[in-house]
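As structure tokens, the structure follows; a few thoughts come after it.
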Amino acid sequence: MSGRPAAFLDRDGTLNEFVPDPVSGLPESPLTVADVRLIEGAAAAARELAQAGFALVCVSNQPAAAKGKVSLERLLAVHERVLELLREQGVQLDGFRLCLHHPQGVVPELSGPCDCRKPAPGMLLDAAEALGLDLASSWMLGDTDSDVAAGRAAGCRTVLIEHPGSAHKRVAEESPDVVASNLADGVAQLLKERLR
């Protein structure tokens, strides 16, 4: 069954900026609506993908509620703010999937193993089935090894975005099809590859 190709987009470090974790100081997902900022050029790059015929699907691990750092309501409000900022710049996602689980979570219903947390391909497979997407002609774009692994496991080609804030989540175990400095660079390379 062939469907539309998708661009599966990671969220933090791909579409929106990280914020420093108040405890560790490491760059992490924003936990308040006020902290949400799109990465410069990300919305324009996503628009290019949509214009090139890709379905846009955000797939993001969001374990902060499972870890007890923030309420689920606030976590979802932050995600809604990302979507709102994208819409303001003319980007309408075709779908999104969030993995709210964490293997060492402290909230029982969000804890333990799952098949959706990247590097598992569950979110991509679920979205592909729901939206009738063609995984073989789709791409996964994200800033960590687990994004690349999830994309590969789902049968997609992959773009690794070398965001400085997530360097600690890239240990070169995965070999992506394209390596890019940001989403705009990744999209430009992806569209060139597609023409070959």
Side-chain angles (χ1 to χ4, degrees), residues 6-39 42-43 46 50 55-89 91-131 133 138 140-151 153-154 156 161 163 165-170 183:
F8 293 104
L9 301 163
D10 174 52
R11 200 188 82 184
D12 308 308
T14 300
L15 291 170
N16 60 274
E17 293 287 5
F18 293 111
V19 292
D21 181 273
V23 181
S24 69
L26 280 173
E28 284 294 346
S29 309
L31 296 180
T32 65
V33 168
D35 280 338
V36 178
R37 307 261 180 290
L38 294 183
I39 291 171
L56 302 180
V57 182
C58 177
V59 288
S60 181
N61 291 350
Q62 292 295 329
K67 292 177 176 179
K69 288 183 172 185
V70 67
S71 70
L72 191 53
E73 290 71 24
R74 203 161 94 190
L75 192 70
L76 296 174
V78 165
H79 186 68
E80 186 48 51
R81 180 63 178 152
V82 175
L83 300 181
E84 188 184 340
L85 291 175
L86 287 168
R87 283 194 296 269
E88 283 172 10
Q89 295 199 37
V91 178
Q92 184 69 47
L93 296 183
D94 294 273
F96 68 84
R97 297 290 184 275
L98 302 178
C99 171
L100 302 171
H101 312 110
H102 194 270
Q104 287 90 45
V106 295
V107 177
E109 60 271 24
L110 297 176
S111 301
C114 63
D115 59 7
C116 52
R117 183 175 166 80
K118 294 176 294 187
M123 290 189 282
L124 289 76
L125 300 175
D126 184 62
E129 192 175 331
L131 299 169
L133 305 172
S138 296
M140 172 73 219
L141 301 93
D143 63 321
T144 69
D145 288 347
S146 68
D147 291 314
V148 175
C156 303
I161 293 166
H163 191 294
S166 49
H168 61 293
K169 295 182 180 177
R170 294 190 297 274
L183 186 59

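Computed from heavy atoms alone, side chains included, the values below leave out hydrogens, waters and symmetry copies.
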(message) To check you understand the geometry: which heavy-atom pair defines the closest contact between L183 and L141, and what is its length?
(response) CD1-CD2, 3.7 Å
(request) Could you pull out all residues at least two apart from H102 that satisfy ring-ring contact (aromatic ring centres under 6.0 Å, His included)? (result) none
(request) Nearest 0.5 Å please: distance from the OG atom of S29 over to the CG atom of D35. (result) 11.0 Å
(request) Please lay out, stage by stage, how V57 and L133 fare under the test side chain to side chain contact (heavy atoms under 4.5 Å, CB included). (result) CA-CA 10 Å; V57 182; L133 305 172; 4.1 Å; yes
(request) For residues C156 and L124, report the shortest heavy-atom separation together with the two atoms involved. (result) SG-CD2, 4.2 Å
(request) Grab the two heavy atoms, one from A6 and one from S138, that are nearest each other, plus how far apart they are. (result) N-OG, 2.8 Å
(request) Return the minimal non-hydrogen interatomic distance between V91 and A43, and the atom names on each side. (result) CG2-O, 3.3 Å
(message) Under a 3.5 Å distance rule, please check whether K118 uses its side chain to pair with a backbone N or O of V59 as donor and acceptor.
(response) yes
(request) May I have the step-by-step check of side chain to side chain contact (heavy atoms under 4.5 Å, CB included) for R11 and V82, ending in yes or no? (result) CA-CA 9 Å; R11 200 188 82 184; V82 175; 4.0 Å; yes
(message) Could you measure the distance from the OG1 atom of T32 to the CG atom of L75? Nearest 0.5 Å is fine.
(response) 11.5 Å
(request) Of all the heavy-atom pairs spanning M123 and C99, show the shortest one and how long it is. (result) SD-N, 3.4 Å
(message) As a quick check of understanding, evaluate side chain to side chain contact (heavy atoms under 4.5 Å, CB included) for H163 and E17, giving each step before the final call.
(response) CA-CA 9 Å; H163 191 294; E17 293 287 5; 3.3 Å; yes
(request) Can you see which heavy atom on A34 is nearest to which on R37, and at what distance? (result) O-NH1, 2.9 Å
(message) Looking at K169 and D145, is any side-chain nitrogen of the basic one under 4.0 Å from a carboxylate oxygen of the acidic one?
(response) no
(request) May I ask you to decide whether E80 forms a salt bridge with R74, counting only side-chain N to carboxylate O separations under 4.0 Å? (result) no
(request) Measure the spacing between CD of E109 and NE2 of H101 and express it to the nearest 0.5 Å. (result) 9.5 Å
(request) Hey, could you give me the CG/OG1 distance between D147 and T14, rounded to the nearest 0.5 Å? (result) 6.0 Å
(request) Could you tell me which residues satisfy salt bridge (Lys or Arg N to Asp or Glu O under 4.0 Å) with D143, sequence neighbours excluded, listed by chain and number? (result) none
(request) Keeping the roles fixed (side chain from S60, backbone from Q62), state whether a donor-acceptor pair exists under 3.5 Å. (result) no
(message) For the CG atom of D12 and the OG atom of S166, what is their distance to the nearest 0.5 Å?
(response) 9.5 Å
(request) Working to the nearest 0.5 Å, report the span between SG of C116 and CG of N61. (result) 8.0 Å
(request) List the steps and the verdict of side chain to side chain contact (heavy atoms under 4.5 Å, CB included) for L83 and F96. (result) CA-CA 10 Å; L83 300 181; F96 68 84; 3.7 Å; yes
(request) Scan L56, L15, L9, N16 and name whichever one has a side chain to side chain contact (heavy atoms under 4.5 Å, CB included) with L86. (result) L15
(request) Output yes when R81 and E84 qualify as a salt bridge under the 4.0 Å nitrogen-oxygen rule, no when they do not. (result) yes
(request) State, with a plain yes or no, whether a side-chain heavy atom of L31 is found less than 4.5 Å away from one of V19. (result) no
(message) According to salt bridge (Lys or Arg N to Asp or Glu O under 4.0 Å), who are the partners of D21, at least two apart in sequence or on a separate chain?
(response) K69
